[in-house]
Amino acid sequence: MSASTSSSVLQPLAVTWESAWTWAQGAPLTIVAIILGAIATRWLVHRAINGFVNGLLLRSERVEAAAVNVTRVDTAELPIIRRQARKAAKIFSDPSIVSSARQEQRVRTLGAVLRSVTTVTVAFVAALMVGDELGFNMAPLLASASVGGVALGFGAQSLVKDYLSGMFMIIEDQYGVGDVVDTGEVIGTVEDISLRLTTIRDFNGVIWYIRNGEILRIANRSQGWSTALVDIPVPVTESMEKVMPIISRAVRGMDKEEDWFGKIIEQPEVGGVESIVGGVATVRIIVKCAPNENVPVGREVRSRVMAQLGASGISLPTMPTFGPGVLPGGGGSTAK
């Protein structure tokens, strides 16, 4: 092959600066602009989400600081409307009832979900635009992706169910870390929450890993308030007109004391005689408490009432003893 022939063959393949610039002004420049635009869009949206999350956390910290520094006023001295508002605030706004750590975890989890959704959406739209600029027919690709998505959805429907259930559980604030919950199969304290799993430690110390999609119903014992029901046995021979005022004096003012302020929401109420069985009258005391405080409050109420009854000369009834060598009637001889 002669030199003139080789030159004529390679001539169409020659690249000049003008042709390269003309080519770069087409699809490559558009693709670069799409990628840079996607990166900038993702950064702006993530910045807005982070600002929203940080704003919620800062507002929660301010509310907690204001609640801690508030000047105490006796609830009974307030007007009736402000009195009810005080009780509601104890339930919904008091930092000892609504955990700031729980609020922070919920807000940060929601922020992470929003950032993930934003990243996937922006990347998907940018990939479609780049493919269109490269000359690919995106319609068959979208159809194939739809079919693949349906197949993946059928194969991983339990996984999708777990993630969707976890997302709605966090958004609706059904429970949080530190709550005592009853899932129907296990009762215990929530130790960790993710979009797929909830970790619960029961009262025996056993860790349970429960998929969020398998939780059909759940009882939360730590939201709002709890009730301590304290039953005090009193001999039926004692006058209830004497016993009731003694019990009322024992529990009066507990909600105003330093150690129990915030743990007891309302003044303990002596409900009256609940039952009479075997010569024993049971007097019930009802105390509205902060979440998970019903057990220690019940112990304190029971201890104070026992001490007050003992100081007033009222002894608690003794239960009859049964066993080998002991007759139900109180005799000490063995039945023949």
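One is the number of the first residue; the rest follow in order along the sequence.
Proximity of Val297 to Ile264: side-chain heavy atoms (C-beta onward) are separated by under 4.5 Å at one or more points. Counting only heavy atoms from C-beta outward, the side chains of Glu269 and Ile285 never approach each other to under 4.5 Å.
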Result block: side-chain N/O donor-acceptor pairs under 3.5 angstrom for residues 33-45, not counting sequence neighbours:
| unit_1 | atom_1 | unit_2 | atom_2 | d |
| --- | --- | --- | --- | --- |
| Thr41 | OG1 | Gly37 | O | 2.7 |
| Arg42 | NE | Thr119 | OG1 | 3.2 |

Could you go through residues 234-251 and list every donor-acceptor pair under 3.5 Å that involves a side-chain atom there, pairing it with any protein atom two or more places apart or in another chain?
| unit_1 | atom_1 | unit_2 | atom_2 | d |
| --- | --- | --- | --- | --- |
| Ser239 | OG | Glu241 | N | 3.4 |
| Ser248 | OG | Met244 | O | 3.0 |

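Other members of the cluster containing Ile286 are Leu229, with ILVMFWY side chains joined at under 4.5 Å, either directly or via other members.
For the 3.5 Å distance criterion, the side chains of Arg115 and Asn50 qualify, holding a donor opposite an acceptor. Under 3.5 Å, the side chains of Thr198 and Tyr175 contain a donor-acceptor pair of N or O atoms.
By the neighbour-count criterion of 12 heavy atoms within 6.0 Å, atom CZ of Phe203 is densely surrounded, having more than that number from other residues, nucleotides or ligands.
Between Asn220 and the options Val180, Val190, Val181, Asp182, a side chain to side chain contact (heavy atoms under 4.5 Å, CB included) holds for only Val181.
Asp179 places a side-chain N or O within 3.5 Å of a backbone atom of Gly176 that can act as its donor or acceptor partner. Side chain of Thr121 to backbone of Val117: a donor-acceptor contact under 3.5 angstrom is found. Panel note: side chain Asn212, backbone Ser194; a donor-acceptor pair is recorded below 3.5 Å.
Residues forming a side-chain hydrogen bond (donor to acceptor under 3.5 Å, both in side chains) with Glu293 (at least two apart in sequence, or on another chain): none. Partners of Asp231 under the salt bridge (Lys or Arg N to Asp or Glu O under 4.0 Å) rule, at least two apart in sequence or in another chain, are Arg284.
In the hydrophobic cluster analysis, where Ile, Leu, Val, Met, Phe, Trp and Tyr join through side-chain heavy atoms closer than 4.5 angstrom, Ile187 is grouped apart from Ile193.
The salt bridge (Lys or Arg N to Asp or Glu O under 4.0 Å) contacts involving residues 200-215 comprise Asp162-Arg211, Glu191-Arg201, Arg211-Glu214, where partners must be two or more places apart or lie in separate chains.
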